[in-house]
Student: 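Please see the structure below; I have some questions.
Below, read A as the first sequence line, B as the second, and so on, with proteins coming before strands; counting in each chain starts at 1.
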2 protein chains.
Amino acid sequence: MVTAKDVAKRAGVSQATVSYVMSGSRPISEATKKRVREAMDELGYVPNINARSLAGGKVGVIGVLVRMDENTDLAELRPFLVVIMEEARKRGSSVMLVPADEGIEGLRRMARQGLVDGVLVFDIEWHDDRLEGIADLKIPVVLIGTTENSYGLPCIDVDYRRVAQLAVNRLVEEGAHKIAVIGDWGRSSDRFAFSKLFGSEARVVAQVLGVGFELFIPPERGWRGIWAVKDILLDIAKCHGGVAVRTPHALQSLLELCVELGIRPGKDFYLVAVYVDGFEDTLRIPVDNIDPVPDLVSRQAVAMLFDQIDGQVVTGSRFVAPRITVRS
Amino acid sequence: MVTAKDVAKRAGVSQATVSYVMSGSRPISEATKKRVREAMDELGYVPNINARSLAGGKVGVIGVLVRMDENTDLAELRPFLVVIMEEARKRGSSVMLVPADEGIEGLRRMARQGLVDGVLVFDIEWHDDRLEGIADLKIPVVLIGTTENSYGLPCIDVDYRRVAQLAVNRLVEEGAHKIAVIGDWGRSSDRFAFSKLFGSEARVVAQVLGVGFELFIPPERGWRGIWAVKDILLDIAKCHGGVAVRTPHALQSLLELCVELGIRPGKDFYLVAVYVDGFEDTLRIPVDNIDPVPDLVSRQAVAMLFDQIDGQVVTGSRFVAPRITVRS
DNA sequence: CTGTTAGCGCCTTCAT
DNA sequence: ATGAAGGCGCTAACAG
C-alpha cells in the first residue's frame, strides 16, 4: 500500500506537507504542491480513509437511509440515487445504503462507528417517531420529505401543494367539472405527507374552482387495487371529468383498466399523472405529467448535507417547484 | 465517544483484554469476559470501525457494485438487496452501494482506500472487460451472474438453462406446438448471459420437443417495445401456441397488448413468465411463473463472500435451481 | 512557507 | 490468563 510517507519521501518533503497539499488547509508553495502531486500520481497514491477518519478528518461516505419493505418502490428511488451518487462523487464521497427497517438502531451504529459523514433520510412520515432520535445523534442530516415536526432537522421536498395545484388546474382548464384523485396504495394519507398534502390541497383547489372532488386510495397495489376504482372512473367518464394519478404504477394499472372498460383517456375524460419525465416512453398513449423533479431535490439535498459536513448550520424546510408537461 | 479504554477501565482490565474479548483470538477467563461484556453494555460501547480497520482488522462493510444507467431496473434488484442487507447484518456488516458506471475505477478506489472487506458484483456481462481488473484487485469478490471467463472469480446465478427448460416444458405440456420467447429489452442476447443462455436453451428444448420456436427481443421498453411483438402474438394466438416472457415489465405490457388486441391469455394461447413470487398479486389474471429465486442466490452469494473474507479460498460457479408455480 | 510531534482507537507481538 | 507497548496512516496543533 502506498502511503503519504512514501509520497513525502519521493517528493522530498515531510509527510505533513503531503497531508496539507491534499486538504489545502495551509498555504503551500506552488512548486512544492506540484512536486507532491506528481509524486502522488507516479505512485498511484490513494489516501487511506480509515486513517484519515481516525485522525479527525472526513470519512468520505454519506449514508442514505431507505425503507426496504414491501411497500417501498425502489424504482421510484432510482432517479434520486443516481443524482445523489453523482453529486457525492463530485465531492469525493461514496454512498452507503442503510436499510431503515431496523429502525434508528442501524443509523445509530453507523454514526457511532464513524462510518459516515452524514445521512440523507428518505420516506419521512408525517408523524415520524425516528426523527427525535436522529436529531439526537448530532450528525449532519437532511430529511427528504415533509413532516409535521422536523426537530430542527433541515428538510427538502418537492412542493406537493404545487403539484396538486398544477394537476387540478390542468384538469379544469381542459374542461373537467368533476375530478378524482387516485392516491398511493400502501401509503395511507395519514402517514405520508405527499398523499396528505397532495390530497388536501387538491380538494381545496377543487373547491375554490367550484368543481366536484373525490379522493381515492387503492387498497392494494396492482390490478386488484385499481379495480376498486372502476365505479369512480365510470362516473368520471360519464361527465367528461378529470383524473389525477399519484404514482406511475397506478397510472399503468389505470390505463389497463381503461382498455378493459372501453374508456378512452383524453377523450372520455382528462388525465394527469405524477411521474418523472421520460416515463412517457413506456406508455401506450401520451399522458400529461407533473415531474416531481427528484433530480433537483436530490441535488439540493446533497448540497445541504455537505454544507453541514463542512461546518455550516443548515435548518428549515425547502420546497422545489415541480414541472408540468402537456403531452396530449 | 466510548472507547475500548473506557470499557477497560470500568471492567478493571487492560484495553488489550477488551480487544481480545471481542475477537476471541486469545483465551479469556469466563469471569473477565463477563465483566467486560457488562461494561460494554453499560457504556453502550461501539467499536470504531476506522480504528479497527487501520489496525488490520475488518471494516465491517461489503460493497455491492450495481449499474445505475437507464437500462437498469432497480426494482428487479430489490429482492437481492433486501436479502444481502439482512445477511450482512447477521454477520455484523453493513452494505455499501457502489455505482458501476465509472467502470472499475470506483471499485479500485474503494479497495485501496480500505472501505470494504469485499464486493458483490451485479450485472455481469457475457464478455465483461471489468473482470480481469477486478481479479487483479485481490480482494474478496463474488460475481452474481454468468460470464464466459470469470478469471477465477467465484460466480453464482440462477440456472438459466433450467429456467428455459421449465418454461418450454410447461408450454408444451399445455399443448403448444409453437412457442415464442419474449426477451429483455436493452439487454441484447449477446451481452448478458441470461438472455443468451435462456434464449439458446429454449430453442434447443423446443427443437428436441419438436415445436416451433421464435425468439424476440423488444427494441425498447414499455408499450412501443411490446407493440413490435403484435404480429408474433397474433400468429401464436392463431395456433394456440405458447409465449414465455423474460421480465415482469414485458409481461405487464404484453397483457396490456392482449387486451388491446382482444386476445385472451390462457385461452387463445399459453403464457409463462419469469417473475418473483408475489408479483402475481399485481396482475389482472393469473400467470404461471418461474421464480428466479433472487433470495436464494443472494443468500449464497453473501455466504461465499464472507467465506473469503474469513480467509477461505472460494472458486467456481454455482447455479441455483429456479422454482415454477402453476397459477392458471 | 515547512518540519516535528502528538495523538485518533484498535490489534497484536512481546513479556510476564 | 493478562498487561504493556508499538504501530496502522493520517490530521492538526505546535514550533520554527
Student: Classify the side-chain pair A:D157/A:T146 by whether it contains a donor and acceptor separated by less than 3.5 Å.
Tutor: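 Yes, a side-chain donor-acceptor pair sits under 3.5 Å.
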
Student: By the 4.0 Å heavy-atom rule, please label A:S29 as base, sugar-phosphate, or nothing.
Tutor: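 Sugar-phosphate: the residue A:S29, judged by heavy atoms under 4.0 Å, touches backbone atoms but no base.
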
Student: Do B:V121 and B:R130 have side chains that get closer than 4.5 Å, going by heavy atoms?
Tutor: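 Yes, at least one pair of side-chain atoms sits under 4.5 Å.
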
Student: Could you check how far NZ of B:K9 sits from C1' of C:dC10, rounded to whole Å?
Tutor: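 Value for this atom pair: 16 Å.
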
Student: Over all strands shown, is B:S53 touching base, sugar-phosphate only, or nothing at heavy-atom distances under 4.0 angstrom?
Tutor: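 Counting heavy atoms under 4.0 Å across all strands, no contact is made by B:S53.
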
Student: Using heavy-atom distances to pick each residue's nearest nucleotide on DNA chain C, tell me which of B:A16 and A:A55 is more 5'.
Tutor: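 That would be A:A55.
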
Student: Answer with base, sugar-phosphate or nothing: what part of the nucleic acid does A:T17 contact at a heavy-atom distance below 4.0 Å?
Tutor: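 Touches sugar-phosphate only.
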
Student: Answer with yes or no whether A:E30 presents, from its side chain, a donor or acceptor under 3.5 Å of a partner atom in the base of C:dC1.
Tutor: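 No such pair is found, so the answer is no.
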
Student: Is A:K33 atom NZ crowded by more than 12 heavy atoms from other residues, nucleotides or ligands, each under 6.0 Å away?
Tutor: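 More than 12 within 6.0 Å, yes.
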
Student: To the nearest Å, give me how far apart CD (B:Q15) and P (C:dC11) are.
Tutor: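 The distance from CD of B:Q15 to P of C:dC11 comes to 8 Å, rounded to the nearest Å.
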
Student: So, under a plain 3.5 Å distance rule, would you say the side chain of B:Y20 forms a donor-acceptor pair with the base of C:dT13?
Tutor: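 Checked by distance alone, the answer is yes.
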
Student: Under 4.0 Å, heavy atoms only, any strand: does A:T32 hit a base, just the sugar-phosphate, or nothing?
Tutor: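 If one applies the 4.0 Å heavy-atom cut-off, A:T32 turns out to touch the sugar-phosphate alone, with no base involved.
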
Student: If the threshold is 4.0 Å, N to carboxylate O, is there a salt bridge linking A:E30 and A:R37?
Tutor: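 No salt bridge links A:E30 with A:R37.
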
Student: Between B:K90 and B:E87, is there a side-chain N and carboxylate O pair less than 4.0 Å apart?
Tutor: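 Looking at B:K90 and B:E87, the cut-off is met.
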
Student: Between atom CG in A:L115 and atom C1' in C:dG9, what is the gap in whole Å?
Tutor: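 Between C1' of C:dG9 and CG of A:L115: 14 Å.
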
Student: Whole-Å distance between C:dT12 P and B:K58 NZ?
Tutor: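 Computing the B:K58:NZ to C:dT12:P distance gives 9 Å.
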
Student: Report the residue (B:R26 or A:Y45) whose heavy-atom-nearest nucleotide on DNA chain D is the more 5′ of the two.
Tutor: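 Result of the comparison: B:R26.
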
Student: Just checking A:A4: base, sugar-phosphate only, or nothing, at a heavy-atom cut-off of under 4.0 Å?
Tutor: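 Sugar-phosphate, backbone atoms only, no base.
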
Student: Please report, rounded to the nearest Å, how far the P atom of C:dC1 is from the CZ atom of A:R35.
Tutor: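 Distance, rounded to whole Å: 15 Å.
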
Student: Categorize B:V13 for me: base, sugar-phosphate, or nothing, with a 4.0 angstrom heavy-atom threshold over every strand shown.
Tutor: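 Contact class for B:V13: sugar-phosphate only.
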
Student: On the nucleotide C:dC11, are OP1 or OP2 found under 4.0 Å from the side-chain N or O atoms that B:R52 carries?
Tutor: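 Looking at the OP1 and OP2 atoms of C:dC11, one of them is under 4.0 Å from a side-chain N or O of B:R52.
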
Student: So, for A:V119 and A:L107, which heavy atoms are closest and what is the spacing to 0.1 Å?
Tutor: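 Heavy-atom minimum between the residues: CG2-CD2, 3.5 Å.
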
Student: Find the distance between CE (A:M40) and CG (A:D6) and round it off to the nearest 0.5 Å.
Tutor: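 Between atom CE of A:M40 and atom CG of A:D6 there are 13.0 Å.
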
Student: What is the 5' to 3' range of DNA chain D, first to last nucleotide, that sits under 4.0 Å from any heavy atom of chain B?
Tutor: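 Result: D:dA1 to D:dG9.
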
